[in-house]
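Heads up: the structure comes next, in structure tokens.
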Amino acid sequence: MRHAGADTGLEHVSVHAEAGTGLVLGLFLVVDSLEAAERGARRMCHRVLSEAPQLRGFSLLRCSAEAPLAYYEKLITKGEGPPGDAGG
């Protein structure tokens, strides 16, 4: 959390050790799009890997973003579609 800037939208971090593969980070970002979330997560990961001495030797293998299911459930209950969906 301390490596994230105020403008990243970072709300929560979870870290899981995966046997044989290293660490898996879960970043919860409040941003406008999946693309912004992925871009921000990638930037934060590279920053942490370059600044945190305890993570020396680790590298970023993959970065992807997913919208939380609750977001879409909320849209459905309001009778709206996803942003940019003309059918809403």
| request: Go through the steps for L23 and L55 under the test side chain to side chain contact (heavy atoms under 4.5 Å, CB included), then give the verdict. | output: CA-CA 10 Å; L23 300 175; L55 295 178; 4.1 Å; yes
| Who passes side-chain hydrogen bond (donor to acceptor under 3.5 Å, both in side chains) against R62, sequence neighbours left out? | S64
| remark: CZ (R39) and OG1 (T8) are apart, to the nearest 0.5 Å, by 13.0 Å
| Would M44 end up clustered with V24 when hydrophobic side chains under 4.5 Å apart are linked, directly or stepwise? | no
| field | Hydrophobic cluster of V30, others only, ordered by chain and residue number, side-chain cut-off 4.5 Å | value | F28
| H12 side, atom NE2; L29 side, atom CG - distance, nearest 0.5 Å | 11.5 Å
| field | Residue list, side-chain hydrogen bond (donor to acceptor under 3.5 Å, both in side chains) with E51, at least two apart or on another chain | value | H3
| said: Restricting to non-hydrogen atoms, name the atom on L27 and the atom on A41 that form the minimum distance, rounded to 0.1 Å. | reply: CD1-CB, 3.7 Å
| field | With sequence neighbours excluded, residues passing side chain to side chain contact (heavy atoms under 4.5 Å, CB included) with L60 | value | R42, C45, H46, L49, C63
| Contacts of S50 that satisfy side chain to side chain contact (heavy atoms under 4.5 Å, CB included) - sequence neighbours left out | none
| query | Can you get from V48 to V15 by hopping between Ile, Leu, Val, Met, Phe, Trp and Tyr side chains that sit under 4.5 Å apart? | reply | yes
